[in-house]
Amino acid sequence: MRHIVHILENDFRNFLRYKWWLVGLISMNLTDLFIMAIVYNRMLNPELSRQIKSYFDFFAPGLTVTGLFASAFMIGREVNMERRREVHQYMLSLPMTRFELALGRVLSGGLRGMVYMAPLLAICFAFVGLPTPAQFLVILLVLFFLAMGISGLSIAIAVSTTSLDKFVTARGLVYYLLFFCSSVFYPFSLIEQLGREGRFPMFLVTFARVNPLSNASDLIRSFILGTPSFSAEMIASVLIFSVVFTFLAAFAYIKLMERV
Amino acid sequence: MRLFFQYKVMVIMRAIWFISQIAFFGLIASRMVAVENYFRYYVGGLSIMTLYSAAIFIGFDIYEEAEHGVFEYLLSLPVTRRQLVLGRSIGGGLRAFIYVSPLICISLYVIGIGNPVNFLLALFSLFLFAFGVSGMSITLAVVIKSSDRYDILMGVLDALIVRLSTAMYPLSFVKEATPVYGWIANFNPVTFAADLFRWGAGIEAALSFENPLLPFLGIVLFFVFFTFVGIVLYDKAIEGGGWQ
């Protein structure tokens, strides 16, 4: 455990080196909320207005998840850079097991995501509504698992790609698929409706339903807005994603170091 | 131009972003809003957002050259400083335009062309817009002189300029949201470019102008101002190791 704490400390120091980057990223996220969401609010389809009431309120939880995703994914960039610069040899010389090292990296990626996401979640609560203390704990727990899964996914991609170019391209593909094919920006009912009309392939509709970003956003919405209604599937989807990618990343990371 | 196509990842990423924005966001958001033909409206704006982002990229080249000492080589070339800087500015706009051309073709396939003469005029204004954005990027790059700060500033500026324009939504809704947003969007060059492109493509509903000459003049002013300022500042920055 002590070794994992060392890894966390090191990764947090690295994270805080990007202070201006973090300020810039938060500003970009807030621009989406305080400009784009407010304008879309005026344009909402009346039928949909009855369902989600306000686009601003609908989008704020989605934005929190978006911010969490972007910051938790950053760990992959660092791991990819270490791979390219062959820093593993130094890593292997550290007095800790490979599993501790791998788990420490995934954990630090997830915790960094939580730290970055905190002001966005606070803004969401301040402007949209407060959950009960129990709901707040569930939200934090689910977001932590989501951050771990994202961090794992990012590390798994980082160790599977040999160059920054390939990592950035793969990251882009994952970003766009997970963001746009989810209920982060729009209610899932619209994706479902397009699927029923045959304008959207059904496998993408299914993907949007099981997408952990959809489920995490909808979980926050269900607690602070009341819609969509809460279901255990929301938590299960994030947990499965988290467990699969945490272990996949740890396994891939250990394999990578064993190849050195 | 050659430098630009070395950024294969950037080129691929922007193309993926463009297509996924159309296929996912455009299609679904058009169901979310009560704006007639919003899908076509959004695809038109998306082309301008992509053109803007591609034209911004010239600033990163300037940092690359400064860091690798290419400035000294450029200064040794048998061209005047003004020619060098003007060529750089035009190259930045031109390559952005060439990069966006296939994406504009995809947009036109989706939204169609109303009047070919109008479309050619709109295309010309987009050329000027790309040169203006390129000049703005050069100006900010030589003023800031730090690639990290530049990267952050361009990200924030990109978000603000695009969100406070009619690239994603009609001006009437921006004005309704808050008059301040509406006022900024009214004078935003991205608004001029997006609306002229839609006018050229024949999507005339929800345009923010009645006379296309006004946004065209706005783009010309934007182009002249930033091309001139960019040239003067860049010229001064590279002379005698002034960058450091």
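Note on naming: letters A, B, ... go to the chains in the order of the sequence lines (proteins, then strands), and numbering restarts at 1 for each one. What's counted below: heavy atoms across the whole structure, side chains too, no hydrogens, waters or symmetry copies.
Heavy-atom pairs under 4.5 Å with chain B were tallied for V23(A), N41(A), D32(A), L25(A); the largest tally goes to D32(A). The residue among I191(A), L194(A), L48(A) with the most heavy atom pairs within less than 4.5 Å of chain B is L194(A).
Using a 4.0 Å cut-off between a side-chain N of Lys or Arg and a carboxylate O of Asp or Glu, R31(B) and E197(A) qualify as a salt bridge.
Using a 4.5 Å cut-off between heavy atoms, F34(A) touches chain B through backbone and side chain atoms alike. Proximity to chain A (any heavy atom under 4.5 Å) is shown, for L27(B), by both the backbone and the side chain. Only the side chain of Y181(B) comes within contact range of chain A, judged by heavy atoms closer than 4.5 Å. Neither the backbone nor the side chain of I52(A) comes within less than 4.5 Å of any heavy atom of chain B.
R163(B) CZ to M28(A) CE: the interatomic distance, rounded to the nearest 0.5 Å, is 10.0 Å. The CG atom of L160(B) sits 4.5 Å away from atom OG1 of T31(A), with the distance rounded to the nearest 0.5 Å. Taking CD1 of I38(A) as the start and OG1 of T178(B) as the end, the distance is 7.5 Å to the nearest 0.5 Å. In this structure, CZ on R199(A) lies 7.0 Å from OG on S30(B), to the nearest 0.5 angstrom. One distance of note links OG of S20(B) with OH of Y175(A); it measures 13.5 Å at 0.5 Å rounding.
Annotation: side chain of I28(B) is in contact with side chain of F200(A) (closest heavy-atom distance under 4.5 Å). Counting heavy atoms from C-beta on, the side chains of Y169(B) and R42(A) never come closer than 4.5 Å. Two residues are said to be in side-chain contact when any heavy atoms from C-beta on lie closer than 4.5 Å; M32(B) and N45(A) fail this criterion.
Taking the six-membered ring for Trp, F24(B) and Y176(A) have ring centres at least 6.0 Å apart.
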